[in-house]
Amino acid sequence: QVQLVESGGGLVQAGGSLRLSCAASGLAFSRYAMGWFRQAPGKGREFVSAISWSGGSTGYADFVKGRFTISRDNAKATVYLQMNSLKPEDTAVYYCAADRTGRVGNFRSDYWGQGTQVTVSS
């Protein structure tokens with residue numbers, strides 16, 4: 001069975017940092033592009049960032065450019081999202097996703113994690 005398990009969420013003050021992790025199992029991790037999405041209260045799920053199978057290409061939503069960094073460790077089958085300069089509007093459930101095409105462009109979520117809550121206080 002494919003499993004994506006997020007961790008690292010929590011409560012942080014505005015301007016602070018968090019690092020999210022997503023550990024994958026049951027799939028050929030190094031062949032998948034990986035991505036992060038988020039869903040704020042009362043809003044739809046939105047794209048945050050993605051990274052190609054090799055880590056050679058990355059993509060970011062405009063609202064996180066310069067603040068968030070995505071990375072991966074294929075040996076550990078884990079993708080990370082380093083979040084700096086957090087703002088209250090970053091408050092959301094953050095979801096990990098896997099794309100079997102291995103590419104960042106037009107990211108397609110073939111698998112989803114359960115999500116981890118990030119809350120940023122003023």
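The shown structure was predicted, so the numbers you read here are calculated from the model rather than taken from an experiment. Worth knowing before you read on, the calculation uses all heavy atoms, side chains too, and leaves out hydrogens, waters and symmetry mates.
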Handout entry: side-chain contact (heavy atoms from CB on, under 4.5 Å) partners of Ala28, counting only residues at least two apart
Key = Arg31

Problem - Beyond-backbone contact of Leu20 with Val118, side-chain heavy atoms, under 4.5 angstrom - result: yes

Fill in the blank from the handout: Value for CZ (Phe68) from OG1 (Thr58), rounded to nearest 0.5 Å, stands at 14.5 Å

Problem - Interatomic spacing from OG1 in Thr116 to CG in Leu81 - rounded to 0.5 Å - result: 11.0 Å

Problem - Remaining members of hydrophobic cluster (4.5 Å side-chain criterion), Trp112 - result: Phe37, Phe47, Val93, Tyr95, Phe107

Using distance only, find each side-chain donor-acceptor pair of residues 59-67 under 3.5 Å and give its atom names and separation, not counting sequence neighbours.
{"from": "Tyr60", "atom 1": "OH", "to": "Ile70", "atom 2": "N", "distance (Å)": "2.9"}
{"from": "Asp62", "atom 1": "OD1", "to": "Lys65", "atom 2": "NZ", "distance (Å)": "3.1"}
{"from": "Arg67", "atom 1": "NH1", "to": "Ser85", "atom 2": "O", "distance (Å)": "3.0"}
{"from": "Arg67", "atom 1": "NH1", "to": "Asp90", "atom 2": "OD2", "distance (Å)": "2.7"}
{"from": "Arg67", "atom 1": "NH2", "to": "Phe63", "atom 2": "O", "distance (Å)": "2.8"}
{"from": "Arg67", "atom 1": "NH2", "to": "Asp90", "atom 2": "OD1", "distance (Å)": "3.1"}

Handout entry: Qualifying residues under side-chain hydrogen bond (donor to acceptor under 3.5 Å, both in side chains), relative to Gln82, sequence neighbours excluded
Key = Asn84

Which donor-acceptor pairs under 3.5 Å do side chains of residues 96-105 form with protein atoms, sequence neighbours excluded?
{"from": "Asp99", "atom 1": "OD1", "to": "Thr101", "atom 2": "N", "distance (Å)": "2.9"}
{"from": "Asp99", "atom 1": "OD1", "to": "Thr101", "atom 2": "OG1", "distance (Å)": "2.9"}
{"from": "Asp99", "atom 1": "OD2", "to": "Thr101", "atom 2": "OG1", "distance (Å)": "3.4"}
{"from": "Asp99", "atom 1": "OD2", "to": "Arg108", "atom 2": "N", "distance (Å)": "2.8"}
{"from": "Arg100", "atom 1": "NH2", "to": "Tyr111", "atom 2": "OH", "distance (Å)": "3.1"}
{"from": "Thr101", "atom 1": "OG1", "to": "Arg103", "atom 2": "N", "distance (Å)": "3.3"}

Exercise for the section: Quick one: list whatever passes side-chain hydrogen bond (donor to acceptor under 3.5 Å, both in side chains) with Tyr80, sequence neighbours left out. Expected result: none

Problem - Any donor-acceptor pair under 3.5 Å from Thr91 side chain to Val120 backbone - result: yes

Handout entry: Glu89 CD: over 12 foreign heavy atoms closer than 6.0 Å
Key = yes

Practice task
Would you please name every residue forming a side-chain hydrogen bond (donor to acceptor under 3.5 Å, both in side chains) with Ser54, sequence neighbours left out?
Solution key: none

Problem - Any residue meeting salt bridge (Lys or Arg N to Asp or Glu O under 4.0 Å) with Asp73, in chain and number order, not counting sequence neighbours - result: none

Handout entry: side-chain hydrogen bond (donor to acceptor under 3.5 Å, both in side chains) partners of Gln39, counting only residues at least two apart
Key = none

Handout entry: Taking every non-hydrogen atom, the tightest pair across Leu18 and Leu86
Key = N-CD1, 3.9 Å

Handout entry: All pairs passing salt bridge (Lys or Arg N to Asp or Glu O under 4.0 Å) where residues 4-25 contributes a residue, at least two apart
Key = none

Problem - Residues clustered with Val5, ILVMFWY side-chain links under 4.5 angstrom - result: none

Practice task
Can you tell me which residue pairs pass the side-chain hydrogen bond (donor to acceptor under 3.5 Å, both in side chains) test with a partner in residues 42-53, sequence neighbours excluded?
Solution key: Arg38-Glu46

Practice task
Identify the two heavy atoms, one from Ala77 and one from Phe29, that lie closest to each other, and give their separation to 0.1 Å.
Solution key: CA-CD2, 3.5 Å

Practice task
Look at atom CD of Gln114 and say whether more than 12 heavy atoms of other residues, nucleotides or ligands are closer to it than 6.0 Å.
Solution key: yes

Problem - Inter-residue atom distance Cys22.SG - Gln3.CD, 0.5 Å rounding - result: 11.0 Å

